[in-house]
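A short write-up of the structure that comes next.
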Amino acid sequence: MHCKKLKPSVFILTIFLCAGVMLTGCSKNGRQNARTVYQQERIVIWTSCREFAQYIELFNRQHSDNCAILVYKENPALSLPPAKDENPPDIIVGSWLRTESPQKSFKSLDYLFDTKRLTSEVFYPQLLDSGKRKKVQYLLPVSFNLPAVVFSTDNKDLIPENYTLSLEEIRQTASAFNEKNKKDAYTKIGFTPLGNDEFLYLVAKMKGTDFREGKGEIVCNNQSLLNASTMLRDWVYKENTSPQIEEDFSFKYLFMPYYRQVSSGRTLYAYTTSDNLFKILKEQDLSIDYRWVVEDNSIYIEDSLTMLGIYKDSRNQVGATEFISWFFQSENQKNILETKEGMHLETDLFGIAGGFSSLRDVTEHVLPVYYNQLLTNLPPSQMLTVPQMLPARWESYRTLVVEPYIKAVITMADGETTPSLQDFEKEWRKKVFD
C-alpha cells in the first residue's frame, strides 16, 4: 500500500518542516507575529502519506502568502469528523475517502474546473470520475498502484512477448517451469499462489467478487468469491500437487524477498505491486523484468488509491484552493520529483505520493526519466479499472476475513464442508469492535 505509516524519523522530519514553515514561510511581513499569522493563514492538510511533508515544504517556499502544515493521521477516513477540540482540516489526502454520501465530509470541487484552476483533460478520466457522485466532483485522484508479476531476465524467453499477463498465462507458463529431481521432489515451481495472500485476493477481485460498501456493511458476490477460491484450489492441486507441497517448497527455497526468489532460479514469477517494484528497481541493480496482471483487458488498480478533497468545514478554502491548484500542475510534480532525486532522503517513495501520478503527462513522460524500467512498459491507460468504494477499515477486513477465507477453501480436505465467509467476519468484528 503506497501511503504508509510515518516512521519515527520521518515524523520528526515532518515536525521540523512544519515548524520551519510556521516560522519562516507563513508571513506576508516578517515583522508580523508568526503565531498570529499561522493561526490566520495556515492550510491544514491531514494525510497518512509521509511525502507530503516534502511537497508542503516546496509549496511554502514558493508561496509567501500561504502556509501549509501537515497533520499526520494514520487513516484520515477514520478521523472524520474531527474531535470537538481539534482544528478541522482544510485538505484531506488518503485512501478510503470515497463514500456514497461524500457531501457529508467534502465540498464540491466543480468550481476548480469552472474557473479553469484545473482542467479535466490532464487526469486519467476513469480516476477522475471515481471522485464524482451524481456528476459532482468531490474528490480528486492523487496516485495509484497496479498489480504485477516479476521474473528474472534470464527467463525472458519463457515469457510471452507482451506487456501484460493474464491469470491463465501465468498458470500455464509457471506450470511448464516446474521441475523435479530423481526423488520426485520439486526443485523448481514456477509460481506458488499460496505464497502471497494479496495475490489470492487479487484473483477474487478479477473474477468478479465485487466487494463494496453496502448500507453499513461490506457486501460481495459470494458465488464469484467461491468460484475464484475453487479455481485457485484447482491451480494449486493440478499444477503444484498440493497446498502442503507448495508450503514446504516455499519454506525451503522462497524465504528471501520476492525479487530474490526469481533471481535464484527456483521460481519463475513473484507477485508484487508497482510501488514496491519500482522503489526496489531504483534502489538496486537487479536483472528482473515485469508484466502487469490483466484479466478481460482490465488492470485492476489497487484498492488503496489515494484521493484528495476539501473538508466541508474548511476554515481556509482559499488557501486550500491555492495548494490544490499548485499540486495538480505537471510542472510542479516534475519539480517534486527533481527535489526528491536531489535529496536522496529515506522518505523517498515511488513516484508521486507512493504511486503513479493521476496526471497522465507525469506518469507517461516524467516518471520514466526517474524510473527507466517504465520506458518499456508503461501501464496501458485504457485498461486501468478503478476499484469499488470501500470502507475505511477495508484493509483489516481483507487481511482478516477475505484472504483467510480463500486460503481455507484452497487448503480444506476433500469432503470437508466449505467454510463460511460469515464465520470469518464474526471473528473480525469481535477483534475490531468488541
Side-chain angles (χ1 to χ4, degrees), residues 146-181 184-209 224-250 252-254 258-274 277 287-300 373 376-377 379-380 382-385 403 406-407 409-411 414:
L146 301 174
V149 289
V150 299
F151 55 90
S152 169
T153 53
D154 292 340
N155 295 319
K156 63 182 179 181
D157 293 339
L158 305 177
I159 313 301
E161 286 294 331
N162 202 341
Y163 303 117
T164 62
L165 282 171
S166 68
L167 294 175
E168 187 58 31
E169 286 173 326
I170 294 171
R171 178 172 177 172
Q172 290 178 2
T173 52
S175 179
F177 188 80
N178 288 2
E179 193 173 290
K180 293 182 178 181
N181 60 22
D184 201 37
Y186 283 104
T187 56
K188 295 181 180 181
I189 292 183
F191 186 66
T192 54
L194 282 168
N196 191 302
D197 292 351
E198 291 184 14
F199 177 78
L200 302 179
Y201 166 67
L202 173 68
V203 172
K205 186 164 70 168
M206 296 173 82
K207 291 297 183 181
T209 299
S224 292
L225 177 59
L226 179 59
N227 291 345
S229 304
T230 303
M231 184 273 281
L232 284 162
R233 176 182 171 87
D234 182 73
W235 182 337
V236 170
Y237 274 95
K238 286 188 176 178
E239 313 304 342
N240 301 336
T241 306
S242 73
Q244 188 61 52
I245 294 293
E246 269 202 15
E247 183 179 336
D248 292 345
F249 180 86
S250 296
K252 186 174 182 180
Y253 295 116
L254 305 182
Y258 72 91
Y259 50 91
R260 298 296 181 197
Q261 294 174 10
V262 295
S263 61
S264 72
R266 294 292 182 178
T267 190
L268 181 60
Y269 298 117
Y271 174 76
T272 189
T273 51
S274 52
L277 172 61
S287 297
I288 63 173
D289 203 349
Y290 65 95
R291 295 286 187 271
W292 306 117
V293 184
V294 64
E295 191 74 2
D296 297 328
N297 290 317
S298 292
I299 302 175
Y300 288 76
Q373 294 82 1
T376 57
N377 194 356
Q382 72 279 6
M383 289 187 177
L384 301 182
T385 301
E403 291 165 2
I406 297 172
K407 292 182 78 170
V409 173
I410 295 173
T411 58
D414 290 338

What is the ring orientation for Tyr290 with Trp292, classed by angle as parallel under 30°, tilted 30 to 60°, or perpendicular over 60°?
->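 Judged by the thresholds at 30° and 60°, the geometry between Tyr290 and Trp292 is perpendicular.
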For Ser175, which residues count as a side chain to side chain donor-acceptor pair (under 3.5 Å) partner, sequence neighbours excluded?
->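 By the side chain to side chain donor-acceptor pair (under 3.5 Å) rule, Ser175 matches Glu239.
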Does a side-chain heavy-atom distance below 4.5 Å link [X] with [Y]?
X	Y	result
Leu167	Leu202	no
Thr273	Leu146	no
Val236	Ile245	no
Pro147	Thr272	no
Ile410	Ile406	yes
Lys188	Lys180	no
Lys407	Asp197	yes
Leu277	Val150	yes

Between Thr209 and Tyr201, does any side-chain donor sit less than 3.5 Å from a side-chain acceptor?
->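 No, because no side-chain N or O of Thr209 sits under 3.5 Å from a partner of the opposite role on Tyr201.
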Under 3.5 Å, is there a donor-acceptor pair linking the side chains of Asn377 and Gln373?
->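 Looking only at side-chain atoms, Gln373 and Asn377 do not form any donor-acceptor pair under 3.5 Å.
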Which distance, rounded to the nearest 0.5 Å, do you find between the OG1 of Thr187 and the NZ of Lys252?
->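 Here the rounded value is 9.5 Å.
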Say you draw a straight line from CD1 of Ile299 to CE of Met206; how long is it, rounded to the nearest 0.5 Å?
->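 Those atoms lie 8.5 Å apart.
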Among all residues two or more places apart in sequence or in another chain, which pass the salt bridge (Lys or Arg N to Asp or Glu O under 4.0 Å) test with Asp296?
->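 Asp296 satisfies salt bridge (Lys or Arg N to Asp or Glu O under 4.0 Å) with no other residue.
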Steps toward side-chain hydrogen bond (donor to acceptor under 3.5 Å, both in side chains) verdict (Tyr269, Thr173) | CA-CA 9 Å; Tyr269 298 117; Thr173 52; 2.6 Å; yes
Mind checking whether Phe199 and Phe191 have ring centres under 6.0 Å apart?
->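 Yes - the distance between ring centres of Phe199 and Phe191 falls below the 6.0 Å cut-off.
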Is any NZ, NE, NH1 or NH2 atom of the basic residue among Glu169 and Arg291 found under 4.0 Å from an Asp or Glu carboxylate oxygen of the other?
->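 No salt bridge links Glu169 with Arg291.
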Pairs flagged by side chain to side chain donor-acceptor pair (under 3.5 Å) wherever residues 150-163 is involved - sequence neighbours left out |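 Matches after skipping sequence neighbours: none remain.
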